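Just so it is clear, the values below take in all heavy atoms, side chains as well, and ignore hydrogens, waters and symmetry mates. As the structure is a prediction and not an experimental result, all values here were calculated from the model.
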Amino acid sequence: MSQVPKPQILCRITEESYCETLPEPLQLFSDDDQIIVCSKCFQSPEHKQHAAYGIQEAAEYYRKLFQETLVTLREKLEAAKSLLAEERERMMTIQEEEQRFKEMIEAEYKMRFQLLTEEKEEQYPRLPAYEVDLNLNGPNQDQLMKCGTELMQKSQEMLQRLSHLGRENMGKLKASEVWLCAHICRLQRIITDLERNCAESAIALLQNAKCNLQRSESLLLQSLEPAQITDLSSCQITGRSSVLLRLQRHITLDPDTAHPSLVLSEDLRSVGFRETPRTGPGTPRRFDFSASVLAAESFKSGRHYWEVAVGQATQWQVGVCDCTERKDSIPGASGDKVLLMRSMMGADCTLWVFPPLRKICLRKQMYKVGIFLDCNCGQVSFYSVTEQCLIYSFSDLTFRGAVKPVFSLCIPNGDMSSDSLTVCLPQPHP
């Protein structure tokens, strides 16, 4: 910051301006009173205790202050414009997210109802198939109608909560947009004023100099913060269809596809890191570009479910891989994947889904993941078995051929990682 010029009583000026009280040229600027006076007026008791500066020196001092302030104001203006663009982008994003979560909720409850209907049909094979209009008789149909109504009510409640949060978030973002637009206008006005002041004569520049600086400071003190909105993943679908346990498959790991840094347990259900990576030629189906391993089992049709114990592992990936073989690529290594991932940045752990890469908020630690695959409908869903809730669901996927479960760990950098994954054995069900 520029230093205040030393007071001085006399200063040669070029401006032909005179004191309003006495027919004397204006020569001094009182910083305390923010006025320009002649030398005789400055001798009056009113200004006797105040410091005076030559007009040119005072003008140069404030011109430097204005220029320094302009630099900061322009930076603030660019930051405000950037935040405004981000807030408008977030408006588009939350609308897309709301639509995605709406589709997830509808798909999940539709899947639960279908599984429930099929289970009842298996229990009562002689009864006619369940119709959409629920126009059936008998205790089984009554029970099914009741379950269907409960599922529909839960679905509507979730959709209403989602819609409420969406409106609430949009309202906060629009309020932020309005405030930022007004703030940008205020910044632009004060920047224009200061730029004009810097180009003015000494006497004109000193008019309301301190007031202009105070206006600038008040704007600079206002913090730029994005709107605080509620993550839509708080609309988690709780509970888990008990029918999923009937679809649970016995999954084992395929050692021929394991990355050289991975070691499999004897029962081929657990995967971790080996101290020394395997050397020598591997199989054509082995992963060489990521610490991954495929399941030995593959699925081309039907519905399937399995669970993976992730324990305290910090960085992992679980999901499915479309392992259609291509002539120009390695089978299994280049297949399309649908993944739930956990990554660690410092002390912060984050969940992601892919594709595309999206961050997922889960409020509590998760120790076991459930994966549901519907090959016919192209659906892959991830559940937190720990919290009994849906994490994320993909619908309308297209699989070109056989689909295999895939498991990945992050290759450690330096010290050996203790991360490991275990495929759970199917649980007994009633």
Peer 1: If the threshold is 4.0 Å, N to carboxylate O, is there a salt bridge linking Arg90 and Glu87?
Peer 2: yes

Peer 1: Nearest 0.5 Å, what's the CG-CD distance between Leu65 and Glu60?
Peer 2: 10.5 Å

Peer 1: What pairs with Glu387 under salt bridge (Lys or Arg N to Asp or Glu O under 4.0 Å), at least two apart in sequence or on another chain?
Peer 2: none

Peer 1: So that I can tick it off, tell me whether Lys154 and Glu157 are bridged by a salt bridge, with the cut-off set at under 4.0 angstrom between side-chain N and carboxylate O.
Peer 2: no

Peer 1: Can you list the residues that meet the salt bridge (Lys or Arg N to Asp or Glu O under 4.0 Å) rule with Glu297, with sequence neighbours excluded?
Peer 2: none

Peer 1: Return the orientation label for the Tyr383 and Tyr305 ring planes: parallel under 30°, perpendicular over 60°, tilted otherwise.
Peer 2: perpendicular

Peer 1: Between atom CG of Leu373 and atom NZ of Lys404, what is the distance when rounded to the nearest 0.5 Å?
Peer 2: 12.5 Å

Peer 1: Do the rings of Phe382 and Phe394 sit parallel, tilted or perpendicular, given the 30° and 60° boundaries?
Peer 2: perpendicular

Peer 1: Would you compute the distance between atom CD1 of Ile360 and atom CE of Met341 and round it to the nearest 0.5 angstrom?
Peer 2: 10.0 Å

Peer 1: Judged by atom type as modelled, is there a donor-acceptor pair below 3.5 Å linking the side chain of Ser155 to the main-chain atoms of Tyr109?
Peer 2: no

Peer 1: Keeping to residues at least two apart or across chains, list the ring pair (Phe, Tyr, Trp, His ring centres under 6.0 Å) pairs with something in residues 151-181.
Peer 2: Trp179-His183

Peer 1: To the nearest 0.5 angstrom, please state how far the CG atom of Leu262 sits from the CG atom of Leu421.
Peer 2: 9.5 Å

Peer 1: Tell me, please, which residues at least two apart from Glu98 pass salt bridge (Lys or Arg N to Asp or Glu O under 4.0 Å).
Peer 2: none

Peer 1: With sequence neighbours excluded, tell me which residues meet side chain to side chain donor-acceptor pair (under 3.5 Å) with Asp231.
Peer 2: Ser233

Peer 1: Is it the case that atom CD in Gln228 sees more than 12 heavy atoms from other parts of the structure closer than 6.0 Å?
Peer 2: no

Peer 1: In a table with atom names and distances, give each donor-acceptor pair under 3.5 Å that connects a side chain of residues 74-83 to protein atoms at least two apart or in another chain.
Peer 2:
unit_1, atom_1, unit_2, atom_2, d
Arg74, NH2, Glu195, OE2, 2.8
Lys76, NZ, Leu220, O, 3.2
Lys76, NZ, Gln222, O, 2.8

Peer 1: Donor-acceptor check, side chain of Thr117 to backbone of Phe113, threshold 3.5 angstrom: yes or no?
Peer 2: yes

Peer 1: Take a 6.0 Å sphere around CD of Glu89 and say whether it holds more than 12 heavy atoms from other residues, nucleotides or ligands.
Peer 2: no

Peer 1: Among residues two or more places apart or on two chains, list those pairs meeting salt bridge (Lys or Arg N to Asp or Glu O under 4.0 Å) that have a residue in residues 367-383.
Peer 2: Arg303-Asp374

Peer 1: With sequence neighbours left out, write down each residue that passes side chain to side chain donor-acceptor pair (under 3.5 Å) with Gln99, or none if nothing qualifies.
Peer 2: Glu103

Peer 1: Decide yes or no on side chain to side chain contact (heavy atoms under 4.5 Å, CB included) for Ser393 and Gln379, but give the supporting numbers first.
Peer 2: CA-CA 7 Å; Ser393 179; Gln379 180 175 346; 3.6 Å; yes

Peer 1: Please list, chain by chain and in numerical order, all residues satisfying ring-ring contact (aromatic ring centres under 6.0 Å, His included) with Phe66, sequence neighbours excluded.
Peer 2: none

Peer 1: Can you list the residues that meet the side chain to side chain donor-acceptor pair (under 3.5 Å) rule with Trp352, with sequence neighbours excluded?
Peer 2: Ser343

Peer 1: Might you confirm whether atom NZ of Lys172 has over 12 heavy atoms from other residues, nucleotides or ligands at distances under 6.0 Å?
Peer 2: yes

Peer 1: Report yes or no: does Asp322 contribute a side-chain atom to a donor-acceptor pair with the main-chain N or O of Asp336 at less than 3.5 Å?
Peer 2: no

Peer 1: Who passes side chain to side chain donor-acceptor pair (under 3.5 Å) against Ser270, sequence neighbours left out?
Peer 2: Thr422

Peer 1: Are Arg342 and Met366 close enough that some pair of their side-chain heavy atoms sits under 4.5 Å apart?
Peer 2: no

Peer 1: Only counting residues at least two apart or in another chain, list the ones meeting salt bridge (Lys or Arg N to Asp or Glu O under 4.0 Å) with Arg196.
Peer 2: Asp193

Peer 1: Checking Thr252 side chain against Leu268 main chain: does a donor-acceptor pair fall under 3.5 Å?
Peer 2: no

